[in-house]
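To find a chain, count down the sequence lines: A is the first, B the second, and so on, and within it residues start at 1.
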Amino acid sequence: KAGVTQTPRYLIKTRGQQVTLSCSPISGHRSVSWYQQTPGQGLQFLFEYFSETQRNKGNFPGRFSGRQFSNSRSEMNVSTLELGDSALYLCASSPEIAGGQDTQYFGPGTRLTVL
Amino acid sequence: EDQVTQSPEALRLQEGESSSLNCSYTVSGLRGLFWYRQDPGKGPEFLFTLYSAGEEKEKERLKATLTKKESFLHITAPKPEDSATYLCAVQYSGGYQKVTFGTGTKLQVIP
């Protein structure tokens, strides 16, 4: 099975711009989560989508948004970029075993640099 | 407050020198504890899932154990290729976030 893929892998933007990142989960996985990783804060949970619905949300401002499509692919959008948004953005998918524990499998990440 | 704490923050070992990494957690309703390995600039790579206290899992030179308050990742006779950051994460029922990650232990194995 192919792993989680993320595009683009690298992105450079300037303050005030907006950006859209894409994630394709492992085939058959319906849950997709997004994380922001920075050296100072580690992995911070952004949100989780399941069957096109946002099911969980982390403590990030409304500039961060996401969506999931019927094929489970997901996108996240960051509007009005700030310097502090520079980070590695990671997408993870899980099989969503009903009532069970859900191991998350991560993609390679998108490295966003805001200048 | 639900928390996941990893120690030490960094660990430097000689090749062949065994050691353990710690992940302690204070969450209610633990559903699973996960260990990941992350190389610089890459996404975390899944290693183990532990579900209940007393459970152990092994993979090559790594062995993960779980108690009611903490998990250990034991590294036996490490090699330089084991150098990476090791992350633990906890999935718990209820709460605002589904999964909480620790900040990781950066392991360096010197030949």
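Within 6.0 Å of the NZ atom in B/Lys57, the count of heavy atoms belonging to other residues, nucleotides or ligands exceeds 12.
Residue A/Phe47: no heavy atom, backbone or side chain, is found under 4.5 Å from chain B. Proximity to chain A (any heavy atom under 4.5 Å) is restricted, for B/Gln38, to the side chain, taken from C-beta onward.
Within the 4.5 Å cutoff, side-chain heavy atoms of A/Thr103 are placed close to those of B/Phe34. You'll find the side chain of A/Leu90 reaches within 4.5 Å of the side chain of B/Pro44, heavy atoms only.
Comparing A/Gly109, A/Gly107, A/Gly42, A/Pro108 by heavy-atom pairs within less than 4.5 Å of chain B, the highest count is held by A/Pro108.
Side chain of B/Tyr36 to backbone of A/Gln104: a donor-acceptor contact under 3.5 angstrom is found.
Rounding to the nearest 0.5 Å gives a distance of 6.5 Å between CD of A/Gln37 and CG of B/Leu87.
Each of B/Phe101 and A/Val32 belongs to its own hydrophobic cluster when Ile, Leu, Val, Met, Phe, Trp and Tyr are linked at side-chain heavy-atom distances under 4.5 angstrom. A single hydrophobic cluster is not seen to contain both A/Ile26 and A/Phe50; linkage of ILVMFWY side chains at heavy-atom distances under 4.5 Å, directly or through other members, places them apart. Both A/Tyr49 and A/Leu21 belong to a single network of hydrophobic side chains, linked directly or stepwise wherever heavy atoms of I, L, V, M, F, W or Y lie under 4.5 Å apart. Cluster annotation: A/Leu83 and A/Leu11 are assigned to the same hydrophobic cluster (Ile/Leu/Val/Met/Phe/Trp/Tyr, side-chain heavy-atom contacts under 4.5 Å, transitive). Criterion: ILVMFWY side-chain heavy atoms under 4.5 Å apart, direct or through other members. Under it, A/Val4 and A/Leu46 are not part of a common hydrophobic cluster.
Taking the centre of each ring, B/Phe46 and A/Phe106 stay at or above the 6.0 Å mark.
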